[in-house]
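A note on names: the letters A, B, ... follow the listed sequences, proteins ahead of strands, and every chain is numbered from 1.
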There are 2 protein chains.
Amino acid sequence: MKQNKLFFNVGIKNTKQRNLVYDILHQSSQPITAEEIFLKYQELDEAISLSTIYRILDLFSTKGLIIKTYINENTKACFIINHHDHKHYLICKNCKKVVEIDGCPFTTYEKELEEKTSFTIQGHKLELFGLCGGCKDSLL
Amino acid sequence: MKQNKLFFNVGIKNTKQRNLVYDILHQSSQPITAEEIFLKYQELDEAISLSTIYRILDLFSTKGLIIKTYINENTKACFIINHHDHKHYLICKNCKKVVEIDGCPFTTYEKELEEKTSFTIQGHKLELFGLCGGCKDSLL
DNA sequence: ATGCAAATGCAAACTATTCGCATGTGATTA
DNA sequence: TAATCACATGCGAATAGTTTGCATTTGCAT
């Protein structure tokens, strides 16, 4: 029961399920899917309804606690804790490992583009794909 | 029947359905979904089975004639003709219009990253979001 | 023109996600 | 601390997008 203050701050009730789902997200170094959370939940506690997981993820997203993203051309949504900093990802095509990239190479580029296109740019998403060190070696 | 050579080159049969689906993709300035193709097909010819559309899109993708992409955090797949040049997109959050961006600001950045992370980078995906000129005005 | 592999159409299956409704639970108030 | 009530949960059914199995049709090499 460590996140009662966090939940209180965004005006949502503190429940066992929300706490544990938050923990699972917090302990995950990678974006994870609803189903992965569902499975891990069952390891740590008794069963939970998958629809509850989806409702919790939805709530956390709208409250800004987590970010929903469709990484890696996948059909499943992934979720990550919102650290409120700007992140990009490097994804291994082979093992699907996701690595955070520090920094963002875009600020000046966006300004130029706004002038060229008459768009107002509000954000961007960048994913880089390739092979991580481990996979590169093991594929030879 | 204009693409018989194109289809022959990649080793697939020439059918009415494939021709028309290819035409529709070719004439679209934006990435389009299977369902949009399905609807447009019915305007131009008689009905087609939606599963045929999916099978054709799958085939075109594996033959490299088109590109399948999940743009705009959408749950639906989108498809575009593969012009074999490297493109990025600017997407209006309001009207969902998709505009192609010329050029790519990445080549040097990727080199630096490879050194830092020990990944071999094979490609990337960049989407920028904002409001297009029209929507910006109409929202005030 | 014929034959056969491959393409199509239809319906059913599948996967990820959402929704309706009955029941259970957290947190506010007395 | 107990009562209350809005809100959270669980379950199953519904939905949306996509895929698959199978019978029928069609393109194309001969």
For Phe8(A), the hydrophobic cluster (side chain heavy atoms closer than 4.5 Å, chained through members) also holds none

Considering every strand and a 4.0 Å limit on heavy-atom distances, what is the contact class for Ser51(B): base, sugar-phosphate, or nothing? base

With sequence neighbours excluded, residues passing side-chain contact (heavy atoms from CB on, under 4.5 Å) with His84(A): Asn82(A)

Whole-Å distance separating the CG atom of Asp58(A) from the P atom of dA16(C): 17 Å

Atom-pair distance (CG on Leu39(A); P on dA16(C)), nearest Å: 11 Å

Quick one: ring-ring contact (aromatic ring centres under 6.0 Å, His included) partners of Phe60(B), sequence neighbours excluded? Phe7(B), Tyr22(B)

Could you check how far CZ of Phe7(B) sits from P of dA7(C), rounded to whole Å? 11 Å

Across all chains, not counting sequence neighbours, the side-chain contact (heavy atoms from CB on, under 4.5 Å) partners of Val99(B) are Phe119(A), Leu90(B), Lys97(B)

Please determine if a side-chain N or O atom of Tyr54(A) lies less than 4.0 Å away from the OP1 or OP2 oxygen of dT18(C). no

Which residue pairs pass the side-chain hydrogen bond (donor to acceptor under 3.5 Å, both in side chains) test when at least one of the two sits in residues 108-119 of chain A, sequence neighbours left out? Glu110(A)-His124(A)

Within this structure, what is the NZ-to-P distance between Lys76(B) and dA16(C), rounded to whole angstrom? 19 Å

Leading and trailing nucleotides of DNA chain D with any atom under 4.0 Å from heavy atoms of chain A: dA6(D) to dG12(D)

Starting at atom CD1 of Ile53(B), determine the distance to atom P of dG9(C), rounded to an integer number of angstrom. 9 Å

Taking atom P of dG9(C) as reference, at what distance in whole Å does atom CD of Gln42(B) sit? 11 Å

In whole angstrom, give the distance that lies between atom CD1 of Ile32(A) and atom P of dA16(C). 15 Å

How do Gly11(A) and Thr33(B) order along DNA chain D: which one's closest nucleotide is nearer the 5' end? Gly11(A)

Pairing stems for DNA chain D [at least three consecutive pairs; Watson-Crick or G-U; under 3.5 angstrom]: C:1-30 with D:1-30

Taking side chain to side chain donor-acceptor pair (under 3.5 Å) as the definition, give me every residue that meets it alongside Thr62(B), ordered by chain and number, with sequence neighbours left out. none

Can you give the donor-acceptor pairs under 3.5 Å from side chains of residues 33-45 of chain A to other protein atoms, not counting sequence neighbours?
from     : atom 1 : to       : atom 2 : distance (Å)
Thr33(A) : OG1    : Glu36(A) : N      : 3.2
Thr33(A) : OG1    : Glu36(A) : OE1    : 3.4
Glu36(A) : OE1    : Thr33(A) : N      : 2.9
Asp45(A) : OD2    : Lys16(A) : NZ     : 3.2

List for me each residue that meets side-chain contact (heavy atoms from CB on, under 4.5 Å) alongside Asp85(A), sequence neighbours excluded, and say none if there are none. His83(A), Lys87(A)

Taking atom P of dC14(C) as reference, at what distance in whole Å does atom CG of Leu50(A) sit? 18 Å

With Lys63(B), which residues qualify under side-chain contact (heavy atoms from CB on, under 4.5 Å), at least two apart? Val10(B), Ile12(B), Leu59(B), Leu65(B)

Taking Ile48(A)'s backbone N and O only, do any of them form a donor-acceptor pair with Thr52(A)'s side chain (distance below 3.5 Å, no angle check)? no

What string of B, S and - do you get for nucleotides 21-30 of chain C, 5' to 3', if B is base contact, S is sugar-phosphate-only contact and - is no contact with any protein heavy atom under 4.0 Å? -----BS---

Are the side chain of Arg18(B) and the backbone N or O of Ile56(B) linked by a donor-acceptor pair below 3.5 Å? no

